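See structure below.
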Amino acid sequence: MSEHKDTKAIRTQIERSQHREHSSPLFLTSSFVFDNAEQMAGMFSGKIPGDVYSRYANPNTNEFIEKMCHLEGAEAGFATASGMAAVWASIVGLLKSGDHIVASRALFGSTHQLLTQILPKFGIEHTYVSGNEIDNWESAVRSNSKMLLVETPSNPALQLIDLDKASAFAHHHGLLLNVDNCFSTPIIQQPTKYGADIITHSATKYIDGQGRVLGGIILGKKQLVEEITFFCRHTGPALSPFNAWLLSKSLETLSIRMDRHCSNAQQLATRLSNSRHVAETLYPHLESHPQYDLAKKQMKLGGGIITLVLKGGIRAGTRFLDKINLCSLSANLGDSRTIVTHPASTTHSKLSAEERASVGISDGLIRISVGLEHIDDIASDIEQALET
Ligand SMILES: *Cc1c(COP(=O)(O)O)cnc(C)c1O
């Protein structure tokens, strides 16, 4: 088989059945049957390879995992029902009460809730650090620190973390490096190349890419993924076979979709950076991005997300949303349809203006998840909504 990742994402497939189907079939079955007692005992114990029960594994989830392992360069994986199930299991499957996590402050909203509201109930504490100030991370490390948890680029402020330095830092202090790679996908950035131990994805975003299903995956070193798999098998966050089947099909087009998401986003960011209504346009591959050199080094393409800061704060943000026609007002991202959001009046409205500022969210900040529509149609809609 070819070594190219694009080909592997298309050609990795469940073994063909007697029906000689070209496209992988969907295995909507909760359990699997055995020929005899010996086979049953062997498959239950894991001595004979084969599926037993779909909470453990299923041909469709196996195919999805195998493709994702090729794309990320990971040894093993476990597919989950959502991105948050993956993030949760990647932590709880490895850590125990009394352990401590060093985490970059600008994390996905529910990951922040997990660290601050849920994990402390189980005796797992954390300390936040600023993603772009690695030189100051040392003081956050404690004798019981076990994991460094990061997202790069961050949502929605598009701050980058230097994966090379983060990995060196983590391993110097004996921490597992856990990277949420949802924003970049393995097409743009592969954390395993820098030595990441664990990678999580919300497959709900670019991996599905069409806003249809929830899903997630944990990838990484074999021994760690085995521990997490044990946790998942006995707690039940498994991905459904139907969603795995859809997500595996979606991987066949991930690479070409990411090319278009990124080229549309690059063009839109360039156009908006010249708009008189915009105080700031943030896009990793725009030369004005404060970490442009790192973005060029670490990210093959600039990604599909653009962040704008409107002149005029909260009111300008809500007025912008009300004038949007073609694009969607929605909470999702990574869809074929362009989506605009205004965090200060929605996802982050419960935080104070100071708390928002500490994670890089100003009141006029707009996040655009640039879709696959024609770039001129996307740009016209955004530009007319900026005109007051
Ligand atoms: C959406 C998202 C998640 C959570 O994924 P779900 O599939 O919604 O559970 C986690 N991390 C990041 C960066 C995300 O964007």
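We use all heavy atoms of the structure for the numbers below, so side chains are in, but hydrogens, waters and symmetry mates are not. Every number for a ligand or one of its atoms is a count from 1 in the order of the listing. Computed from a prediction, not measured in an experiment: that's the story for all the values here.
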With respect to Ile228, which candidate in Thr80, Thr200, Leu94 satisfies the side chain to side chain contact (heavy atoms under 4.5 Å, CB included) definition?
-> Leu94
In Å, rounded to the nearest 0.5 Å, how long is the span from CD of Gln159 to CG of Asn132?
-> 4.5 Å
Presence of salt bridge, Glu387 and Arg276, under 4.0 angstrom = yes
Do the rings of Phe44 and Phe34 sit parallel, tilted or perpendicular, given the 30° and 60° boundaries?
-> tilted
Polar contact flag for Cys182 and ligand 1 (N/O pairs, less than 3.5 Å) | no
Residue and atom name of the nearest protein heavy atom (relative to atom 8 (O) of ligand 1), distance in Å to one decimal | Ser202 OG, 4.2 Å
The protein heavy atom nearest to atom 14 (C) of ligand 1 is Lys205 NZ, 3.0 Å
Would you mind running through ligand 1 and noting each atom that sits below 4.0 Å from a heavy atom of Glu151?
-> 13 (C)
Think Lys96 forms a cation-pi with Phe231, using NZ or CZ under 6.0 Å from the six-ring centre and within 45 degrees of its axis?
-> no
of all protein heavy atoms, closest to atom 4 (C) of ligand 1 is Phe108 CE2, 3.4 Å
Counting both backbone and side chain atoms, is some N or O of Thr111 under 3.5 Å from an N or O of ligand 1?
-> no
For atom NZ of Lys311, is the number of surrounding heavy atoms from other residues, nucleotides or ligands below 6.0 Å larger than 12?
-> yes
Atom 7 (O) of ligand 1 has as its nearest protein heavy atom Thr204 OG1, 2.6 Å
So which protein heavy atom does atom 13 (C) of ligand 1 come closest to, and at what separation?
-> Asp180 OD2, 3.5 Å
Any Asn155 heavy atom less than 4.0 Å from ligand 1 | no
CD1/Ile65 to CG/Asn60 distance, rounded to the nearest 0.5 angstrom?
-> 11.0 Å
Ligand 1 atoms nearer than 4.0 angstrom to some heavy atom of Met84 are 4 (C), 5 (O), 6 (P), 9 (O)
